[in-house]
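These numbers were taken from a predicted model, which means no experiment stands behind them.
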Amino acid sequence: MNSRYWYSQSVYGSDVRIDYNNAYITYYGHLRLPSDLKVGDAVQKGQVRGHIGMTGRATGPHGHFYRKHLDEMLNACKVSGFPSCEAIGG
């Protein structure tokens, strides 16, 4: 997979973005610490993206995840290849 790692600060606090170079981008927010990856690094399946935290406007520790395609927000529970929300307790 040809994906790249990005790290920034936003309303989601410490924010990680994975750009898959195919119009898909995944976001992870409110992270306590980013991973050992550096901006622009290639990301492999199973690599740590960050650690759950309470940064930004979070009111309790949690991870904020979302995915976009062509800048349109997707329902992560319905994205092919992801576990169903029932399977992860959501």
Working note: Lys68 + Leu74, criterion side chain to side chain contact (heavy atoms under 4.5 Å, CB included); need CA distance, chi angles, decisive distance, verdict. CA-CA 5 Å; Lys68 286 186 173 184; Leu74 300 175; 5.8 Å; no

Find the distance between CG (Asp15) and CG (Leu31) and round it off to the nearest 0.5 Å. 7.5 Å

Say whether Val16 and Tyr12 are linked into one hydrophobic cluster, either directly or through other cluster members, by side-chain heavy-atom distances under 4.5 angstrom. no

Minimum side-chain heavy-atom gap Tyr24-Arg67 below 4.5 Å: yes

Reported CD1-to-CG distance for the pair Ile25 and Asp71, which is rounded to 0.5 angstrom: 7.5 Å

Donor-acceptor pair, Glu72 side chain versus His69 backbone, under 3.5 Å? no

Can you tell me how the ring of Tyr27 sits relative to the ring of Tyr66, calling it parallel under 30°, perpendicular over 60° and tilted otherwise? parallel

Any donor-acceptor pair under 3.5 Å linking the side chain of Thr55 with the backbone of Ser14? yes

Show the numbers, then the answer: is there a side chain to side chain contact (heavy atoms under 4.5 Å, CB included) between His30 and His62? CA-CA 7 Å; His30 303 303; His62 70 284; 3.1 Å; yes

Is the Lys NZ or Arg CZ of Arg49 less than 6.0 Å from the centre of Phe65's six-membered ring, within 45° of the axis? no

If you look at every heavy atom in Ile18 and Val43, which pair is closest and at what distance? CD1-CG2, 3.9 Å

Under the criterion salt bridge (Lys or Arg N to Asp or Glu O under 4.0 Å), I'd like the reasoning laid out for Asp41 against Lys38: C-alpha separation, chi angles, the key distance, then a yes or no. CA-CA 5 Å; Asp41 279 354; Lys38 305 293 183 251; over 6 Å; no

